[in-house]
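Whatever order the structure lists ligands and atoms in, that order sets their numbers, starting from 1.
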Amino acid sequence: MKKAFIKSYGCQMNVYDAERMADVLAREDYAETAAIEEADLVVLNTCHIREKAAEKVYSELGRVRVLKAERAAKGLDTKVVVAGCVAQAEGREIIRRQPAVDAVVGPQSYHRLPELLKSGHGAVDTEFPVEDKFAALPAPSREKTRSRGISAFLTVQEGCDKFCTFCVVPYTRGAELSRPVAQILAEAERLAGAGVREFTVIGQNVNAWHGEGPDGRPWSLGRLLHRLAEVPGILRLRYTTSHPRDMDDALTAAHRDLPALMPFLHLPVQSGSDRILEAMNRGHTGDAYRRLVERIRTARPDIALSSDFIVGFPGETDADFADTMRLIADVGFASAFSFKYSPRPGTPAAESGEQVPEPVKAERLRALQALLEAQRQAFNHGTVGRSVSVLLEKPGRHPGQLAGKSPYLQAVQIETDAHRIGDVVPVRIVRAGSNSLFGELDDGSSRAAA
Ligand code: SAM
Ligand code: SF4
């Protein structure tokens, strides 16, 4: 059997795609390896969202070129493929910059990887093919499915029609597409049958998902989540990433009515300034976001919120930034991702003459992250002394420990031999570390993890 090394950068969609590429390659007799030096095929599944992410790929390709030459000196052939969003955005330019690359394949065409590999050096496929990529992907073997673990990603939606003025996704991932219900359920049942207990339902705009249900009626994500909760073996559901504009009443109600749906929601707001939100083309104001959060908290009072923020978007003034800080203070986030604005070629905001100087961006990011980190720590410390349910996912840091997640997506370490991976257990949180919580079984049978 040949060996394939697949490395993924960026979002959860890429993690899912990398797994599916491994399925496609398994059909061609490639086994996955974690050791790049023994790989006959190296696939870099890339991210184009910020300049830094895209540039990382070229430095990694420099290292892969050396490896390929070393293997060639031993008479071994190595194929190098660039996949993902940099592949889509830059196409043949990648091979011009780094001739060690044999093929380039976009996120919509990776099901055609075997044909591409057979067509020799310099093959590029960045089409948005008419055939259904998901239908063309092979079902993974039972063994491979089992390796997905206790918690698995399940892609239900791809692409984006929102065209935020800073973002490359609509160009690299193409138009919004929802997978049909039957296809999603077939994959969900296969994963659950192989031991998966939690789905994180994913999409670039996951709550824009819509489809025709088996009852012939139009379904939105809320309805789909209810159906996924009925899949035997499934204990927990999450979904990401949501757009505030697509948070409909059925989805909000699912947070009230569906016990399997975990009380954690990643709902990016990007900025708290109405002027900047409009320039970003986000389609909502800061107050609309606050009202939405209020509605969601009415449905599920303990919900933990997370968000994405961009600082230094073109034209952002100190007053705009202060609006963002105020929104953060008003809403309160359990966790968040935050970035300096990075101009992306071909997007409207990159053309703006009002770019914010780098030191200003850096200072705003520092202040914003300090506030968000204080909120995150406060949230984590707020769970100390409480009993929460934990889905046990894997062995912990030390022998005799297991690690899992709280309903609020916090990592929890507990000391137990009494339970197995895949169980949901009550845990009393005794201590909050900087990145994990530590707890003991709430049935009086266990000591706290060190
Ligand atoms: N679809 C999701 C949404 O609308 O919130 C997020 C998609 S994007 C993969 C993830 C995050 O990257 C965005 O929420 C945004 O904060 C950040 N991002 C996107 N483009 C960026 C850019 N040009 N510079 C800095 N951050 C960016
Ligand atoms: Fe990018 Fe905006 Fe689409 Fe999210 S909604 S993927 S930020 S264009």
key: Identity and separation of the nearest protein heavy atom to atom 1 (Fe) of ligand 2   =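 I find the closest protein heavy atom is Cys167 SG, 2.3 Å.
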inquiry  = Among all protein heavy atoms in this structure, tell me which lies nearest to atom 26 (N) of ligand 1, with the distance rounded to 0.1 Å.
reply    =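 Ranking protein heavy atoms by distance from atom 26 (N) of ligand 1, first comes Arg50 NH1, 3.3 Å.
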When you compare ligand 1 with [X], is there at least one nitrogen or oxygen pair between them that comes in under 3.5 angstrom?
X: Gln270; result: yes
X: Phe166; result: yes
X: Ser342; result: yes
X: His243; result: no

ask   = Any salt bridge between Arg173 and Asp17, counting N to O under 4.0 Å?
value =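 A salt bridge links Arg173 with Asp17.
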Residue pair Tyr408, Phe264: steps toward the ring pair (Phe, Tyr, Trp, His ring centres under 6.0 Å) verdict = CA-CA 5 Å; Tyr408 314 107; Phe264 179 92; 8.4 Å; no
key: For Gln204, the ligand 1 atoms whose distance to one of its heavy atoms is below 4.0 Å   =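 The atoms of ligand 1 under 4.0 Å from a heavy atom of Gln204 are 1 (N), 2 (C).
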query = Atoms of ligand 1 less than 4.0 Å from Arg282 heavy atoms?
reply =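 So the atoms of ligand 1 that pass are 3 (C), 4 (O), 5 (O).
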request  = Any chance you could lay out the ring pair (Phe, Tyr, Trp, His ring centres under 6.0 Å) test for Tyr239 and Phe199, step after step, and finish with the verdict?
outcome  = CA-CA 8 Å; Tyr239 60 96; Phe199 291 135; over 10 Å; no
Backbone, side chain, both or neither: what part of [X] comes under 4.0 angstrom of ligand 2, heavy atoms only?
X: Asn205; result: side chain
X: Cys160; result: side chain
X: Pro170; result: side chain

task = Please find out if less than 6.0 Å separates the ring center of Phe309 from that of Phe333.
result =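 Here the rings of Phe333 and Phe309 have centres that are less than 6.0 Å from each other.
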inquiry  = atom 3 (Fe) of ligand 2 and His243: any N/O/S contact shorter than 2.8 Å?
reply    =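 No N, O or S atom of His243 is closer than 2.8 Å to atom 3 (Fe) of ligand 2, so no.
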